[in-house]
Structures are given as C-alpha cells and as structure tokens.
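A short worksheet on the structure shown next.
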Amino acid sequence: PLDDVLAGEDIAEELEEFRRMAEGFVAAAAGEGDTGGAAAGRSIDDLIRSGDICRFLPPTFEPRSLRRTTAEIRKAKSDQIRDVISAKARKRNGKAPRHWASHVPETNVVEIGGMEIRRRPYRPPVDGRQRPPHETSAEEEELVNATDEEILAKVKDAQEERQEEKEQKEEEPQQQQSEPCVVDVADLPVMTLADVFPAQEVDSGDACVMVDTIGGIESLANEVDASVEIAAAHRRAGPPRADDRVRPDSLVAETAWGLDCEWKPARVSGRDHPVSTLQLATRRRSFLVDLQTLCRQRVGDDSIPPTEAEGRLSDALGRLLSDPDVAVVGFGIGQDIAKLAASYPHLSCFRLFESVVDLEPLAKTVRPHAPRHYMSSLAKAAAIVLRRRLDKSQQCSDWGRRPLSAEQVEYALLDAAVLPLLLGEMTSGENNPILERYEGYFLRKHPQLVSSWRLTFLDHEWIEKSTQMKEAYRVENGSVKKGLSLFYARQTWPTGACAPGAVEKVPLDEQREPRNSEKKTEKSDTKKDSRAAARRVRSQKSMIRLSTLPADLASLPTSGSFLGYKKDDCVHCMLERDVVTSLSEDQYLGFNRRGGIIEMANVWLLFINFGAGKVIKRFQNTFLGNGKNITFSVNPAKELDWSMLNSISASTTDHNDPDEGAPTEGLSKRLFLFIRPSANSEFLFCGECSCVGLKQIDNGFVNLVLELVDFLALTQGRDKDDASAYSTLIVQHKQNLAAMESLVSLRI
C-alpha cells in the first residue's frame, strides 16, 4: 500500500482523475488545431511518459501538497467531535473529564477467601455510563454523519458555554471575599498605640511598660500570672468535655499574647546578631523587654547558670510560654522563636513554646481565594484587616544602640500590640462564609494552626564527627538547625497531641554518607526542589524496572531496624548487594516513589506513613490489638493495587473460613512491611507479613488485615526494661489518635 490510512485508494483516484483531465485538454487542443502535431497518433500514457502532456495542461493549478489530506480532515473532525461531547458532559456532570477511559479491565471482581472485591472504574466514561470505549453513543453517531457547517456551529456553541463557565468561576472567589484584594496603603491613616489601647492609659503610661530592671520584670510577672489565671478560670467555667483544652476562638484571642523581636540588622553578609528586644503584648498592655540590658549575650553554653535578673525573667516567661491555655501569636513567628533560643541558650524559658499561632498561615487559610502575596507581611495584614497603616521606618534601625529612641520604643510596642487584635479580627467570622460555618471554633477544627515548639541544643563536637549535620541526630517531627554558631534540634507538633520523643544521637556506623563527599552542605534545597532535581537527573538516565529484579531473601535486614528516610534506602536493602553496586551512573531503578506499594519480581513492599498526629480518613491504616495486626488500605481502582489483589487471589490455595478472610500460605510473592510515624522519621522494617483478612469500606477502598510474622522479634527491646522502637511507635500512634480525635472529631 502507498499509505497507512486508505491503502493507496485516494492516490489511485487522484491519478484516474488526472488522466481524465489530460484527455479532455488534449481533445480540446486537437479540436482547435493547436496541437502542433504533438498529439498526432499518440496515447495519453505516451504523452505523460515523454512529458509532452505539459503542453496541453493549464499554466497554474493547486497542487496536492497544498490541499488537506484525508487523514488531516478526519483528525480535525474527530477533535471537534471530542470538544462537543466534552462540553456536553461538563455541563451535565458539573465538571469536565480530564481524559477518556483508556481501557476496560478484563475483570472487575476478584475473590479472596470467599469474599468478592469489586473494582470501581478508575476513569469513568464522559457520559457517566459503563460502556466499552469502542462503543459509539447516539451523540457521536449524529456528529459523525453531520456536515462541516453543523459541526462548526456545535463547536462554537460549546466554546461559548466554556467561556461562560470560566467567567462564572472567576466571579466566585470575588463574591466570597467580603473585602477587596487591592488596598491603597498610602491613603490609610497611620496606626498608633491609641488605636489599640485606650488613649488615657497610653498617655498615662499604664498601657506601655519598659522592662529593663527588676521592677519591670515583676510587672511583667504579675501580668503573666493574671493572664494564666484568667485562662484557667475560663477553662474551669466551661462545659465538661473530653478535652478541656477546646476553647472558642474568641477566648483564644482574648487571652492571647503577641510576640515580636528586634535585633541589630546585619550590614555584612554572613554576620548575625542576637535578639536585642523582646516585645510581648495582651489586649490591655504592651511590654518591651530589653534583653540586651537584662541578659548576657553570646554565652554559647546552655549549662551556664543564669544571674538573678535572668532567673526572674526566665521564670516569668516560662510560665507564659509553657502554658497551653495561653496562645502566643506572631507573624512569621518561627524565625523569632529560633532566634530567641539561639541568642540566649542559658535561659530555659526559650526552649519550649506550648501554644503558638502564626498569623501568616492563618491568613492563607481563612482567605484561600486571595492572591498569593495578599497578606504576606504584618503591614499588609494590618492594612487589609484593620484598615490602618503601620509605620515601618524603624524596622532596620540600630536596635543595639542604647538608649532606644522614642520612635523605636513606640514601633516595637505597636508591632506586638497589634498581633492579638489581628487574631481576633481574623477569626471573628464577620462577612466571611468560610469562618461562619465553624460557629466560632475555627482554630479547633484546624489544629495545624496551633502548634507546640521545642528546641534542644546539640553537641557541637558530635556533629563535627558526623558525616553531615542532619545525620548526626535522630529528630522526630523536626530537623537539625544552626543559628548564631549553635546547633539545635527544632521539633513541632499540634498543641494537645502527644509530644515527639527526645532527640537521640545516631551512631557513626549507622549514618548515611553524604551525596557530595568532597564538601559537607549545611543548607539543602527544600523538599519540593530536591524532588524536582532528582526527577531531572533520572530523566537523563536509562531506567531499570524494579519489578523485574528479585529481592535477596537470604540476606534480609533485621526486623525492627531503621533503614532510612526514603523508599530508595529500603529498596536497596532488599536487593542483592551486587545488583546495587553494578548500577552505572547513567542507570536508575524505576518504581513509584510516591505510592505505598512497590512491586519486585518475587515480593511486594508495603509502606505505611501514619502521619504526625493527623487523622487520615482516606487511608485507615492503624494497629489492631497489641500491634500484631495492622490494617493496610488498598485502592482497587489503581492498577498496581489491583494487581496485588489479583496476585493474592490467584495464589490463595486454602480457604478455611470465609468470614476470617484469606490465608496466604500459597503466595508466590511474599509481603514485607515498612512503617514510620511521620515523613520526618526513618522507615522501620517490620519484616514479613501475611494477609489474614480484608474488608471493603464505603469509599471503595479495601482494608487488608496484615499479621506480622516477626511480631515477637519486633516487640523485644535490647534490654529487658527497654521498650522496642515498634512498641514505642504503637503507643505514640494511639496517643496521637486519641488526642486528635478529641480536637477534631468532637462537635458542639
């Protein structure tokens, strides 16, 4: 054939048409006597072969190469039909399908242990009906037989409908926002302390307190004690609950303290200065704590005992910052917390913050439709929420100079005083439909907005001996940081949840070698950038599918051992060492690094990330009983999950009791489990497991009940009185579930 579409039929038709046209031109020229003897006694084929036929053809015509081919016309018509059907489906179902159903599986039902698991189609057809993709609907048949004019008219109508839907979606966010996204800050009045506190108290000096002496520390301590007592009285007076920490947003804002810090700006790159002033404020008073005057700076050792003034200040601040009933509010407060701890490591008050509210993520949560930089600074938030302009002219002034100027003092006091006011306005719910539906308990329904912080100082010499900074210590729910030449571990978790474990040293033989062996890097890319960089590197290499490689079952890792933070570390431990070392620089192992199931030639690797204090409703992975059994959620709509279910079904040979699920003695591929409490923790190898039961839940997922074969080895600690890592993880997970359910699941 001459082509793949019509097998040369279209070209044959063109040649026959050209022959008839040539005969007509030759006959017309002979009739007019203008042949010049060229056509006398000669056939059309002879004229074409000799080229004399050109004397009888017109001088100009449209060549074949400029006309649309049949394949192009067919493709254009198919695209138009697709657009029309997609537009109609979008109008009928409320949203546009992203793609067509690629295929229909051979079977949608598997039987495991006498129980049928039905698979839902992963990509439903555009018209919502269960039909194979080769079947043609009535709408498609009508469009196939339609003329070009009718199709163009339908396409135009579909485009107009899409444009109307797009305009409606663009108007929806504007209707939900009660305030305009654009505010002319220059036209707003400048904010002063009189806008926050009564003017009489500001003039008399009662609303603003300078803490640079023992007397100032006592005034601050009295205000802290009064605030703590008020918060405790409100908790006692409230209705009895499973968790007495649950409080309405109005009470949180009423008892909250604003926190802000100032330090001397660094004029030279790489140089950093400790905190000079700490500002704290309630809805009644604002305090400027002169840390540079009261405390020693750059001590560099957290074991040095404090002086009398430092001890009194640390006791007062410790009662405030460690009370979970009193929220500490800031804007980008994480930087201030880390800076305070690194500046004064010998003051224990800056090592634990029990209830922290950062207004920056809160603003993004209460106004999700706002532009990205809508309230990215304290000045923008004050302008949008309070309709006042903060004067930031003193922000980069010399805060190490003493005495402070009157402008610096007012600027520092105002920055802290405005924070509790902003918290109250942001969570009030007035003219905001997002907040109104929570009925005054927005912060309780979003526990990630109220967090606890713990900072632990680390051994500098041990970090220097380690392969890299982040490998020296095992930090649960946190990481190792460096500030003011000090190393510290920063841990965060939702307030009210179970606190993470203490920081532990990682032995040198268990630490991973740095990827760049020539130079240790103290600052790495963010998680998103590192993943993108890894994908770019892999795209330039050749892939070896992991599903074709067998696991080395003769030299498996010890059950209960930590293998690493990434799935690649776990996979390398399952492969033969010769396979890993034989990989060249231009090769990589191909498998889904984002999924919970990884297939190898002879085993299935299952990964569970329980989350740090989060109740994940979609994946109901949890421990059963004493931890010997674990539920593992599987989505039958996904190809890999469905393949594993088929493998279990096909390999099951014995069915003891249908109600007890499916035993797995006949599995051709064995199951191995890896778990970790959060994304910031290492994977714990739990060894081999077997499927002893299953249950299909409402959302289409299937919960497999896995039984750990090496359960006794997992629960045995190194010493008789020492709990194993697996047992500790079970206790922490159950405590997190209980705490989060009391914070999230309870309804008023």
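What's counted below: heavy atoms across the whole structure, side chains too, no hydrogens, waters or symmetry copies. As the structure is a prediction and not an experimental result, all values here were calculated from the model. Numbering of residues begins at 1 and proceeds along the displayed sequence.
- Residue-environment remark: NZ (K264) stays at or below the threshold of 12 foreign heavy atoms within 6.0 Å.
- Q448 CD: more than 12 foreign heavy atoms inside a 6.0 Å radius.
- Y473 OH to S479 OG: the interatomic distance, rounded to the nearest 0.5 Å, is 14.5 Å.
- When side chains are defined from C-beta on, K380 counts as touching S377, because their heavy atoms get closer than 4.5 Å.
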Chi angles and distances behind the side chain to side chain donor-acceptor pair (under 3.5 Å) call for T277, E262: CA-CA 5 Å; T277 63; E262 304 295 342; 5.9 Å; no
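- Residues V190 and R388 fail the side-chain proximity criterion, which asks for heavy atoms closer than 4.5 Å.
- With rounding to the nearest 0.5 Å, the separation of CG in L280 from CZ in R285 is 12.5 Å.
- Proximity of V506 to E471: side-chain heavy atoms (C-beta onward) are nowhere separated by under 4.5 Å.
- Between the side chain of W462 and the main chain of A472, a donor-acceptor pair closer than 3.5 Å is present.
- Judged by distance alone, the side chain of S314 and the main-chain N or O of E310 form no donor-acceptor pair under 3.5 Å.
- With respect to E682 and R474, a salt bridge is recorded, a charged nitrogen being found less than 4.0 Å from a carboxylate O.
- Ion pairing of R236 with E229 is present here, as a side-chain N (NZ or NE/NH1/NH2) and a carboxylate O approach within less than 4.0 Å.
- One finds the CG atom of L291 at 13.5 Å from the CZ atom of R296 (value rounded to the nearest 0.5 Å).
- Residue G400 comes nearest to Q292 through the heavy atom pair O-NE2, 2.9 Å, listed as atom of the first residue, atom of the second, then distance.
- Looking only at side-chain heavy atoms (C-beta outward), N680 and E476 stay at 4.5 Å or farther from each other.
- Looking at heavy atoms from C-beta onward, E410 lies out of side-chain contact with D415 at the 4.5 angstrom threshold.
- Between R284 and E201 there is no salt bridge, since none of the side-chain N atoms of the basic residue sits less than 4.0 Å from a carboxylate O of the acidic one.
- Atom CG of residue L414 and atom SG of residue C208 lie 9.0 Å apart, to the nearest 0.5 angstrom.
- A side-chain donor-acceptor contact under 3.5 Å links S322 to the backbone of G318.
- L347 approaches P306 most closely through the heavy-atom pair CD2-CB, 4.3 Å.
- Between R389 and D187 there is no salt bridge, since no side-chain N of the basic residue sits under 4.0 Å from a carboxylate O of the acidic one.
- Side-chain contact check for V202 versus T192: every heavy-atom pair is 4.5 Å or farther apart.
- A donor-acceptor pair under 3.5 Å is formed between the side chain of Q511 and the backbone N or O of T467.
- No side-chain donor-acceptor contact under 3.5 Å links S681 to the backbone of P677.
- You'll find the side chain of V475 reaches within 4.5 Å of the side chain of V480, heavy atoms only.
- Crowding of K392 atom NZ: a count of heavy atoms from other residues, nucleotides or ligands under 6.0 Å exceeding 12.
- In this structure, the side chains of L419 and W257 stay at 4.5 Å or more apart for every pair of heavy atoms.
- The closest donor-acceptor contact from the side chain of S452 to the backbone of E354 lies under 3.5 Å.
- A salt bridge is defined here as a Lys NZ or Arg NE, NH1 or NH2 lying under 4.0 Å from an Asp or Glu carboxylate O, and R319 with D225 meets this definition.
- A distance-only check finds a donor-acceptor pair linking the side chain of S405 to the backbone of Q408 [under 3.5 Å].
- Ring planes of Y344 and F350: tilted class, angle from 30 to 60°.
- A salt bridge is absent between E461 and K465: the closest approach of a Lys/Arg side-chain nitrogen to an acidic carboxylate oxygen does not fall below 4.0 angstrom.
- When all heavy atoms are compared, the tightest approach of F442 to D249 is N-OD2, 2.7 Å.
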